[in-house]
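Worksheet: one structure, shown below.
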Amino acid sequence: MSQPIHPSRHVGFDSLPIQIEKKLLKRGFQFNLMVIGRSGLGKSTLINTLFASNLMQSSARTSPEQPLPQTMEIEPKSCLIEENNVRLELTCIDTPGFGDVLDNEKCWDPIIKYIKDQHSTYLRSELTAKRPLFTPDTRVHACLYFIQPTGKGLRSLDILVLRKLCEVVNVIPVIGKADALTSDEKRALKTRIREELNFHRLRCYPYDLETHDEDDRKSNALIRDMLPFAVVGSTKEYTVDGTTFLGRKTRWGTLNIEDPEHSEFIYLRDFLTRTHLQDLIDTTSQIHYETFRCRQLNALRQQNAGSSGRESSMSGSVAHYDVHSSTVSVGY
């Protein structure tokens, strides 16, 4: 690369970052977050605590008389959050009923299908003859996977689901309701889960990419050493010794969720919203969506080559190209 030339006087293109910032602020940002885990692990409470808003209602049973859900559902809920003139269109995708029944065979299929369907919708929008000025982005940018605080590590169901998820989305494992563990139990469980993730070669977010510099790699290494985040969520405020904080009150005292000694909530919040939110969006586009896109376009190329220019109708897991609408639809 040639040496840079320094203008003899001020030209003005150094204002490009400011111009980009103004356009982005007008357009706003989109972020789609999925939460997966058994009922009663504090998923809704944690999301409401993370974004300081009442975004999700708990779907957990409040009494033994309430029936267990027979099927798992996908429930996306969108809202617009504004902070210091920055608008974030946030979509939280809940999965009530996941892992709550005795027979959990293929309970992950609706989740994987939903994630791939969002990729397919985005791809169809890209391939249309008249594309919208701004394509709505419904792709799942991050997935918080909740692990039970039992001290026994990952269940066989966790391993199966994580193996499927890690291929299609940025997975961030968290231990829900970590206040059920002592400090020693928490450290032991985190160590055990990290060992199991490495043993089963489950690649959770963050990843090291070629575009990352040394500082990025060091930051990602520190975060990976903290996984899974042992968190406690709460939207209730308590005042102790003149200090007001978000916490949970027990018979042994009041827990401050923003105290690192009690919960790793602040580490998860900073990681998810303050340091890596844009990287989660970029990684979804550059890795997961690009992998999906390449596979579908390769399938189209093979289909068109096999049909020798004739229209063909494909079913199952093969893509189908409609020459009249210039769209691609995918079956799974």
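What you see is a predicted model, and the numbers here were worked out from it, not measured in a lab.
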Short question: side chain of Ser53, backbone of Phe51 - any donor-acceptor pair under 3.5 Å? yes
Where Ile36 and Thr95 come nearest, the two heavy atoms and their spacing: CA-OG1, 3.5 Å
Test applied, side chain to side chain donor-acceptor pair (under 3.5 Å); reference residue, His276; option that passes from Asp282, Asn220, Asn170: Asn220
With the 4.5 Å side-chain cut-off for hydrophobic clustering, are Leu88 and Leu50 part of the same group? yes
Taking the side chain from Ser15 and the backbone from Gly12, do they hold a donor-acceptor pair closer than 3.5 Å? yes
Between Leu33 and Leu80, is there a shared hydrophobic cluster once you connect ILVMFWY residues whose side-chain heavy atoms come closer than 4.5 Å? no
Give me the ring orientation class for Phe271 and Tyr205: parallel if the planes are under 30° apart, tilted from 30 to 60°, perpendicular past 60°. tilted
Greater than 12 external heavy atoms within 6.0 Å of Lys77's NZ: yes
Minimal non-hydrogen separation, Lys177 against Pro149, with atom names: O-CG, 3.7 Å
Does any part of the side chain of Tyr114, heavy atoms only, come nearer than 4.5 Å to the side chain of Lys116, both counted from C-beta? no
In terms of relative ring orientation, are Tyr207 and His288 parallel, tilted or perpendicular, with 30° and 60° separating the classes? perpendicular
One should read off an interatomic distance between Lys218 NZ and Asp213 CG, to the nearest 0.5 angstrom, of 10.0 Å
Begin from the C-alpha positions of Asn298 and Arg301 and carry the test side chain to side chain donor-acceptor pair (under 3.5 Å) through to its verdict. CA-CA 5 Å; Asn298 285 335; Arg301 188 179 298 111; 2.6 Å; yes
Output yes when Arg155 and Asp158 qualify as a salt bridge under the 4.0 Å nitrogen-oxygen rule, no when they do not. yes
Determine whether Lys164 and Ile111 satisfy the following criterion, side-chain contact (heavy atoms from CB on, under 4.5 Å), listing intermediate values before the conclusion. CA-CA 10 Å; Lys164 298 288 185 181; Ile111 299 174; over 6 Å; no
Geometric class of the Tyr289/Tyr122 ring pair [parallel <30°, tilted 30-60°, perpendicular >60°]: perpendicular
If hydrophobic clusters are built by linking Ile, Leu, Val, Met, Phe, Trp and Tyr wherever their side-chain heavy atoms come under 4.5 Å apart, do Val240 and Ile266 end up in the same one? no
Give the minimum heavy-atom separation between Arg217 and Arg224, together with the two atoms involved. O-NH2, 4.4 Å
Any side-chain to backbone donor/acceptor pair from Asp137 onto Arg139? Under 3.5 Å, distance only. yes
Is there a side-chain contact between Phe29 and Leu24 (heavy atoms, below 4.5 Å)? yes
Checking the side chain of Arg203 only, and the main-chain atoms of Cys166 only, is there a donor and an acceptor separated by less than 3.5 Å? no
Should the heavy atoms of other residues, nucleotides or ligands under 6.0 Å from CD of Glu82 be counted, would the total exceed 12? yes
Give a yes or no answer on whether the side chain of Thr283 reaches the backbone of Leu280 with a donor-acceptor pair at less than 3.5 Å. no
Phe98 and Tyr145 aromatic ring geometry - parallel, tilted or perpendicular at 30°/60° bounds: perpendicular
Should Ile81 and Leu55 count as side-chain neighbours, where that means a heavy-atom distance under 4.5 Å? yes
Short N-O contact, Arg163 and Glu167, less than 4.0 angstrom: no
For the atom pair CZ (Arg87) and CD (Gln30), what is the distance rounded to the nearest 0.5 Å? 10.5 Å
side-chain contact (heavy atoms from CB on, under 4.5 Å) between Gln296 and His119, intermediate numbers included: CA-CA 10 Å; Gln296 298 309 308; His119 289 326; over 6 Å; no
Asp279 and His212: side-chain contact (heavy atoms from CB on, under 4.5 Å), yes or no, with the steps? CA-CA 11 Å; Asp279 188 70; His212 287 168; 3.8 Å; yes
All heavy atoms of Asn256 vs all of His262, minimum pair found to be N-ND1, 3.1 Å
If only side-chain N and O atoms count, and only distance matters, is there a donor-acceptor pair under 3.5 Å linking Arg187 with Ser183? no
Nearest 0.5 Å please: distance from the NZ atom of Lys113 over to the CD atom of Gln118. 9.5 Å
Is there a side-chain contact between Ile47 and Leu144 (heavy atoms, below 4.5 Å)? yes
Is there a side-chain contact between Thr284 and Val169 in this structure, where contact means two heavy atoms from C-beta onward sitting under 4.5 Å apart? no
Leu16, CG atom: more than 12 neighbouring heavy atoms under 6.0 Å: yes
Out of curiosity, Phe146 CZ to Ile175 CD1, how far, rounded to the nearest 0.5 Å? 11.5 Å
Begin from the C-alpha positions of Lys236 and Lys249 and carry the test side-chain contact (heavy atoms from CB on, under 4.5 Å) through to its verdict. CA-CA 9 Å; Lys236 294 183 179 180; Lys249 194 170 185 178; over 6 Å; no
About how many Å separate CG of Leu162 and CG of Leu165, when rounded to the nearest 0.5 Å? 6.0 Å
Please report the shortest heavy-atom distance between Cys107 and Pro110, naming the atom on each side. O-CD, 3.4 Å
Rounded to the nearest 0.5 Å, how far does CZ of Arg27 lie from CG of Leu25? 11.0 Å
Side-chain touch Val168/Phe292, heavy atoms, less than 4.5 angstrom: no
Any donor-acceptor pair under 3.5 Å from Thr45 side chain to Ser234 backbone: no
Which one of Asp259, Leu255, Thr254 satisfies the side chain to side chain contact (heavy atoms under 4.5 Å, CB included) criterion with Phe245? Thr254
Check whether any side-chain heavy atom of Ile223 lies under 4.5 Å from a side-chain heavy atom of Ser219, and answer yes or no. yes
Would a hydrophobic clustering, with Ile, Leu, Val, Met, Phe, Trp and Tyr connected at side-chain separations under 4.5 Å, put Leu277 with Leu222? no
Heavy-atom donor-acceptor pair, Thr250 side chain to Trp252 backbone, under 3.5 Å: yes
Check this for me: does any side-chain nitrogen of one of Arg192 and Glu195 sit under 4.0 Å from a carboxylate oxygen of the other? no
How close do Glu237 and Thr244 get, heavy atom to heavy atom, and via which atoms? OE1-CG2, 3.8 Å
Pair Glu264 + Lys186, salt bridge at N-O below 4.0 Å: no
Do the non-hydrogen side-chain atoms of Pro17 and Glu21 ever get within less than 4.5 Å of each other? no
When you group the ILVMFWY residues by side-chain heavy-atom contacts below 4.5 Å and let the links chain together, are Ile257 and Tyr238 in the same group? no
Where the side chain of Thr91 meets the backbone of Asn32, is there a donor-acceptor pair that is under 3.5 Å apart? no
Return yes if some donor-acceptor pair links the side-chain N/O of Lys190 with the main-chain N/O of Pro228 below 3.5 Å, else return no. yes
